[in-house]
Amino acid sequence: MDKIKMTTPLVEMDGDEMTRILWKMIKDELLLPFIDLKTEYYDLGLEYRNETNDQVTFDSAEATKKYGVAVKCATITPNAARMTEYNLKEMWKSPNGTIRAALDGTVFRAPIVVKGIEPCVKNWVKPITLARHAYGDVYKNSEIRVPGAGRAELVFTGEDGTEVRETIHEFKGPGVIQGMHNLDSSIESFARACFNYALDTKQSVWFATKDTISKKYDHRFKDIFQEIYDAEYDEKFKAAGIEYFYTLIDDAVARVMKAEGGFIWACKNYDGDVMSDMVSSAFGSLAMMTSVLVSPSGVYEYEAAHGTVQRHYYKHLKGEETSTNSVATIFAWTGALRKRGELDNIPELMEFADKLEKATLETIESGKMTKDLALITTIENPTVLNSENFIKEIRKNLEERLNEK
């Protein structure tokens, strides 16, 4: 069969460790044999980010704005141990945080539901979509290691020279300080993205912060969401038969655990990072969750919601066999290809994405899967495949689907 032609490139952001290995396998086995793949490539592996002083991350974000659709591999956000391991010039910030800030978007994450993998929370019968604010908070923070006794102050200096000061703490000895910020405009974009997505998918929105403790920072989120909902969405939600409500984050966690699913759980940046991992893991596996960053201008960046699978990578480097789940990374590619096909009016590309997803799920449902799924499946006597053979088995199913008349 002729390869599917593309007209506009995808922005391709390569990544780190085991997911980088899977990235190449997926391209070689599942994409390049069938698609005349056009991408503008950016290497976001930690070594090259360090070499370019992280400029490559900013360049990839600008390219995403230009072309409208990107697909991203998982990347390392370095800590102190990584500083030594990779001999870094500095502890570079999260690439995801940098890209989110550049695009001012919202991250929507939802579990990939497949027969034979049942949620450990038995009452979850529908997917829970996490809407994660994509700007600010700890991902764009400033930090100081306090050397000794002294006063720490939070200071804002206006353009007219006026100052606002708050004492953070009177230190008697060493400690740490962290400064965070957010923007009304970004919170407004977040709120509208959540409400619009809710109307598109006919799902209610739950939003939660800790405004009882953070009476200005978190309370600002609460107020903006309520103001926008009351002014722009109340009647639309009622007509659609869905609802919006706000609650404290700890109350939201309790409610979520007792709910049946089928709603959007809107979270601030850090809460969304943590809770999406909890939800995906409870639905089956961290490698079974889609993630898409959507900007207010209609730019899309697809990625897997999990990390770089460091432990498997070290085994791979030793020549040992791994059984790493590549499903979320495959779905990042299919999401990007489908959106590219939609925007460029290439139905063949959209159909290919659909068939690749179905082939992936059918592989698991036939009892052939990676070790993480074999440990939790209800399918009897599953066949555990290594990383490469799982992808090759998906290719067999994909070829059968592509050959169907």
Side-chain angles (χ1 to χ4, degrees), residues 9-32 37 39-64 67 69-79 81-83 85-88 91-103 105 107 109 132 134 139 273 276-277 280 285-293 300-317 322 324-337 370 387-388 390-391:
L10 289 172
V11 176
E12 177 185 352
M13 305 173 185
D14 210 343
D16 287 300
E17 298 189 318
M18 197 64 207
T19 44
R20 188 182 182 97
I21 304 299
L22 296 176
W23 193 260
K24 186 176 187 305
M25 289 182 189
I26 291 166
K27 288 178 66 178
D28 289 346
E29 289 288 338
L30 303 178
L31 304 179
L32 293 174
L37 193 63
T39 71
E40 185 163 305
Y41 179 86
Y42 293 85
D43 184 357
L44 298 194
L46 188 50
E47 293 96 335
Y48 194 63
R49 277 185 275 146
N50 190 59
E51 183 181 329
T52 63
N53 297 323
D54 207 29
Q55 185 59 44
V56 64
T57 306
F58 293 91
D59 291 345
S60 70
E62 290 305 311
T64 302
Y67 291 109
V69 184
V71 58
K72 181 182 174 295
C73 184
T75 47
I76 295 169
T77 299
N79 56 15
R82 298 293 202 171
M83 284 280 290
E85 181 182 355
Y86 284 87
N87 192 27
L88 301 180
M91 204 179 295
W92 305 110
K93 288 186 179 291
S94 160
N96 290 347
T98 298
I99 294 164
R100 289 178 198 128
L103 299 184
V107 179
R109 291 178 172 172
R132 175 183 173 187
Y139 299 87
D273 191 1
S276 63
D277 278 4
S280 63
S285 170
L286 290 174
M288 298 290 287
M289 196 169 208
T290 61
S291 181
V292 56
L293 174 69
Y300 296 80
E301 183 245 331
Y302 295 83
E303 61 179 327
H306 58 74
T308 58
V309 202
Q310 180 184 9
R311 183 172 58 86
H312 285 200
Y313 180 61
Y314 290 162
K315 289 181 66 176
H316 173 81
L317 291 179
T322 65
T324 315
N325 191 332
S326 52
V327 172
T329 306
I330 292 169
F331 273 60
W333 273 103
T334 56
L337 290 169
T370 47
S387 305
E388 185 174 7
F390 178 62
I391 290 172

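In what follows, every heavy atom counts, from backbone to side chain, and hydrogens, waters and symmetry copies are set aside.
- Under the 4.0 Å criterion applied to side-chain N and carboxylate O atoms, Lys27 and Glu12 are assigned as salt-bridge partners.
- The closest donor-acceptor contact from the side chain of Thr19 to the backbone of Gly15 lies at 3.5 Å or more, if one exists at all.
- The distance from the CD1 atom of Ile99 to the OG1 atom of Thr57 is 6.0 Å, given to the nearest 0.5 Å.
- A donor-acceptor contact under 3.5 angstrom links the side chains of Thr322 and Ser387, judged on distance only.
- Minimum heavy-atom separation, Leu293 to Gly105: CD1-C, 3.6 Å.
- Scanning all heavy atoms of the two residues, the minimum distance from Val107 to Ala134 falls at CG2-CB, 4.2 Å.
- Cation-pi check for Arg132 over Tyr139 is met; the charged atom lies under 6.0 angstrom from the ring centroid and within 45 degrees of its normal.
- Atom OG of Ser326 and atom CH2 of Trp333 lie 13.5 Å apart (nearest 0.5 Å).
- Within the model, atoms NE2 of His316 and CD of Gln310 stand 14.5 Å from one another, a figure rounded to the nearest 0.5 Å.
- Considering all non-hydrogen atoms of both residues, Thr64 and Tyr300 come closest at CG2-O, 4.2 Å.
- Note on Glu47 versus Arg82: no salt bridge recorded, every NZ/NE/NH1/NH2 to OD/OE distance being 4.0 Å or above.
- Checked by atom type, the side-chain pair Glu40/Tyr67 shows a donor-acceptor distance below 3.5 Å.
- Remark: side-chain polar atoms of Asp54 are not paired, donor with acceptor, to backbone N or O of Arg49 under 3.5 angstrom.
- The environment of OH in Tyr86 is crowded: more than 12 heavy-atom neighbours from other residues, nucleotides or ligands sit within 6.0 Å.
- There is no side-chain donor-acceptor pair under 3.5 Å between Ser280 and Asp277.
- Checked by atom type, the side-chain pair Asp14/Tyr41 shows a donor-acceptor distance below 3.5 Å.
- Checked by atom type, the side-chain pair Thr324/His312 shows a donor-acceptor distance below 3.5 Å.
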